[in-house]
Protein chains: 2
Amino acid sequence: MVTIRDVAKKAGVSVATVSRVLNNKGYSHEDTRKLVNEAIKELNYKPNEVARSLFKKKSRLIGLLLPDIRNPFFPELARGVEDEMQEQGLHLIIGNADEKPKKEIDYIETFKQNNVIGIISATNQAETELYEDLSIPVVFLDRITNNHPSVYADGLDGGKKAAREIIKRGSKRIALLRGPIEVRTAQDRFKGAVDELCNANVDFQVITSSFSFHDAEKVAKTLFEKFPETDGIIASNDLSAAAILHEALRIGRSIPDDLQIIGYDDIPLSKLLFPPLSTIRQPAYDMGREAAKLLMKIIEKQPLEQLNIQMPVTFIERQTTRKVEKND
Amino acid sequence: MVTIRDVAKKAGVSVATVSRVLNNKGYSHEDTRKLVNEAIKELNYKPNEVARSLFKKKSRLIGLLLPDIRNPFFPELARGVEDEMQEQGLHLIIGNADEKPKKEIDYIETFKQNNVIGIISATNQAETELYEDLSIPVVFLDRITNNHPSVYADGLDGGKKAAREIIKRGSKRIALLRGPIEVRTAQDRFKGAVDELCNANVDFQVITSSFSFHDAEKVAKTLFEKFPETDGIIASNDLSAAAILHEALRIGRSIPDDLQIIGYDDIPLSKLLFPPLSTIRQPAYDMGREAAKLLMKIIEKQPLEQLNIQMPVTFIERQTTRKVEKND
DNA sequence: CTCTTATGTGTAACCGGTTACACATATAGT
DNA sequence: ACTATATGTGTAACCGGTTACACATAAGAG
């Protein structure tokens, strides 16, 4: 392994000089710089991040904690975070907590032990305790907290939009899927939808479910058994929506004529479903980027205009909802 | 930050003793161990991985490089790798190369600089050059190489199975999707399918496409325009299959009566499509675990029974293929 | 009772960077 | 000519672990 001392010897200078050239810090003579850079190139020297990190107590790594890497929404967040970080010369340790608190704790510890410079957490635990007395900056992503920096989409509005759009298109007996209670964003979209539904002349049912694949299928089955007269479904995310769409078609419901479905998230696969899924789009990629930017600001101790960044959601009209009737 | 010296002071011993107790190495007296462990607990001491890594030139991190985190096949691999590693007390740096060689190079560098103890690479570059003179053990995953350890599924057999099953079920004019040429596993399944198709009394078309979402949609459109008489499609992966299924339904083809489709991978969403997608299953999670095990063996310099582990693939019969006619 | 071996512990060097500080020289200001 | 300041470089301490080695004591062998 080539070390800074090898470079120093080759260039005929001290390690301090090499370090200064390397980091553009302090003074260094033009000629020396050239000498050092040549030596670096010739030896193909790459500084050891670990040594650097040990002294500075700061690595160039960011910890990103996801609740469930299988849900396509999260990889999309990750891409946003990663692209932004890459531009800053930083890299990601992605941890998958698999919705298990133990794994989350483990990863936070790993992050600390490896001197990550900041953490972005998208897990779905209600408590932020784990993060309370961390000396590392943390940004919560797709998660709402009062006293911590966070980036999330406007769940209240999302829920409202979903309800409004499905009502506007004529559903009268609506099933509203409620995501896990501990996930605040899920509750927001739920509340938003409830608000709208209450104000409208429609009946509705609430069904609680988790966000996982497995649960989605079960819920879909029971939904149609218990509430066969349902003519509109507001799903808690696209995964459940896919499962419901699947089950609805299986039992011969006609979509969207007989039953409308609105998803939530707009994962890449949603438009490949048939019929393509109408959904409330969360700008996952951009949320990732924003979270990364926010974290960078905190790390660099720049003043923050806002601690919490709320991103807009949009209704993506595809074909699990009917065309709205023109009445103008 | 609590350091080993703090612990030593509190326990009234030297740092060497603390280190020995910590790692169960060398001798240490029962009483001393108790003392040290108490001090550790009281101070809530966690060893600094970075310092450890600097001296040992080995971290407890594994680098996992994925070509495209959005393709659900890869997160599934990642889960397998992660679960196995977790049991070994190791952690993952997941890098998303986004199919870009530059990112791949970058990540390999990051992995090196952070003293990862091993690398698992699932990228789709043909050349293994980048990995040639790395001093770090590398295992290739979902990738076939001759002179490097690797774990992959039996593409040849997968292709054959797909062809055989679709032929058995009566398709006569088959479109065969060929994945990216540089991806060896894609070529294998392609070749396997070609083999079978040639031996059968059917016509077939070859169409080349990438593995990405975007491409999948385009290919689906052109496929039906150029070859409207197609009555069976062997897709290069489930993503393309989903896109094709979608397009087929859009233009009013009846699945599976009029047109059969077989996917490849069996990603979690495949069974949520409608009709649920018949596909060739690659045991992604298990592949991940095997790759992790193999890497561990190499790291621990255990003898390897085999350098390359080939995993079996299975045909998952769902409903984009017809029931096979009983003729017994 | 002495010699060997096993057990237990501390000192200090080391890993590969960074940086405070000392020192030397050049340049500018008065 | 004489400071004051800017520029350029080297020495060595430091980050927080690990471990080779020295040393001390206890136990076992003959």
Side-chain angles (χ1 to χ4, degrees), chain A residues 1-37 39-40 43-61 89 109-117 135-136, chain B residues 1-37 39-40 43-61 89 109-117 135-136:
Chain A
M1 175 181 256
V2 184
T3 75
I4 198 171
R5 281 162 238 273
D6 300 325
V7 175
K9 196 176 294 176
K10 178 129 205 157
V13 297
S14 74
V15 292
T17 302
V18 177
S19 179
R20 277 188 296 256
V21 171
L22 224 52
N23 301 298
N24 281 318
K25 237 179 188 173
Y27 295 111
S28 58
H29 195 95
E30 179 62 45
D31 300 352
T32 316
R33 253 175 287 157
K34 209 173 288 171
L35 230 55
V36 169
N37 283 323
I40 289 176
L43 298 172
N44 190 28
Y45 166 72
K46 310 274 171 172
N48 181 326
E49 268 301 312
V50 177
R52 195 183 149 279
S53 165
L54 176 58
F55 184 86
K56 306 255 290 183
K57 296 187 201 302
K58 285 189 176 190
S59 71
R60 287 186 167 117
L61 297 171
E109 202 51 56
T110 305
F111 289 165
K112 270 201 282 186
Q113 290 177 1
N114 286 283
N115 284 354
V116 300
I117 196 180
S135 53
I136 306 165
Chain B
M1 174 182 259
V2 185
T3 76
I4 198 170
R5 281 160 237 273
D6 300 325
V7 176
K9 196 176 291 174
K10 179 131 205 157
V13 298
S14 74
V15 291
T17 301
V18 177
S19 179
R20 277 189 295 257
V21 171
L22 224 54
N23 301 296
N24 281 316
K25 234 179 191 174
Y27 295 110
S28 58
H29 194 95
E30 179 63 45
D31 300 352
T32 317
R33 253 174 289 157
K34 210 173 286 172
L35 230 57
V36 170
N37 283 322
I40 288 176
L43 298 173
N44 190 28
Y45 165 71
K46 310 274 172 174
N48 181 327
E49 268 301 311
V50 177
R52 196 185 148 280
S53 164
L54 176 59
F55 184 85
K56 306 256 288 185
K57 297 188 201 301
K58 286 188 176 194
S59 72
R60 285 186 168 119
L61 298 171
E109 202 52 56
T110 306
F111 289 164
K112 271 201 283 187
Q113 290 177 0
N114 286 284
N115 284 354
V116 299
I117 197 181
S135 53
I136 307 165

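A, B, ... follow the sequence lines: proteins, then strands. Residue 1 opens every chain. Below, each value reflects all heavy atoms present in this structure, side chains not excepted, and no hydrogens, waters or symmetry copies.
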Whether each nucleotide of nucleotides 3-9 of chain D has a protein heavy atom under 4.0 Å at its base (B), only at its sugar-phosphate (S) or at neither (-) is summarised, 5' to 3', as ---SBBB
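At C:dT18, one or more side-chain N or O atoms of A:Ser19 fall inside 4.0 Å of OP1 or OP2 (strictly under the cut-off).
The side chain of A:Phe55 approaches C:dG17 more closely than any other nucleotide in the set D:dG17, C:dG17, D:dT18.
To the nearest angstrom, P of D:dG17 lies 17 Å from CG of A:Asn48. The interatomic distance linking A:Gln113 (CD) with D:dG17 (C1') rounds to 12 Å, in whole Å. To the nearest angstrom, C1' of D:dC15 lies 10 Å from CG of A:Asn115. As a whole-Å value, the separation of B:Met1 CE from D:dC14 C1' is 15 Å. Between the CG atom of A:Leu54 and the P atom of C:dT18 there is a distance of 12 Å, given to the nearest Å. Between the CG atom of B:Asp31 and the P atom of D:dA26 there is a distance of 14 Å, rounded to whole Å. Residue A:Lys57 contributes atom NZ, which lies 3 Å from atom P of D:dG16 at whole-angstrom precision. Distance, B:Lys56 NZ to D:dG16 P: 19 Å, rounded to whole Å.
Using a 4.0 Å cutoff on non-hydrogen atoms, no part of residues 2-11 of chain A comes near DNA chain D.
In this structure, B:Val15 and B:Ala8 approach most closely via the heavy-atom pair N-CB, 3.8 Å. Shown here for A:Arg33 and A:Ser28, the closest heavy-atom pair between the two residues is NH2-O, 3.0 Å. Closest approach of B:Thr17 to B:Thr32, counting heavy atoms only: CG2-CG2, 3.6 Å. Pairing each heavy atom of B:Asn48 with each of A:Leu54, the nearest pair is ND2-CD1, 4.4 Å. The nearest pair of heavy atoms linking A:Val18 to A:Val13 is CG2-CG2, 3.8 Å.
Proximity of A:Glu109 to B:Lys46: side-chain heavy atoms (C-beta onward) are separated by under 4.5 Å at one or more points.
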Could you go through A:Ile40 and A:Leu22, starting from their C-alpha distance and side-chain angles, then the distance that decides it, and tell me whether this counts as side-chain contact (heavy atoms from CB on, under 4.5 Å)? CA-CA 9 Å; A:Ile40 289 176; A:Leu22 224 52; 3.3 Å; yes
Please report the C-alpha distance between A:Asn44 and A:Val2 in whole Å, then the side-chain angles of each, then the deciding distance to 0.1 Å, and finally whether the side-chain contact (heavy atoms from CB on, under 4.5 Å) criterion is met. CA-CA 8 Å; A:Asn44 190 28; A:Val2 184; over 6 Å; no
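Rounded to 10 degrees, the angle between the two end axes of the helix from C:dC1-D:dG30 to C:dT30-D:dA1 is 40°, with five pairs used at each end.
Side-chain N or O atoms of A:Asn37 include none that pairs as donor or acceptor with a backbone N or O of A:Lys34 at under 3.5 Å. Between the A:Ser59 side chain and the A:Asn115 main chain, a donor and an acceptor come within less than 3.5 Å of each other.
A side-chain contact (heavy atoms from CB on, under 4.5 Å) with A:Gln113 holds for exactly one of B:Glu49, B:Arg52, B:Arg60; it is B:Glu49.
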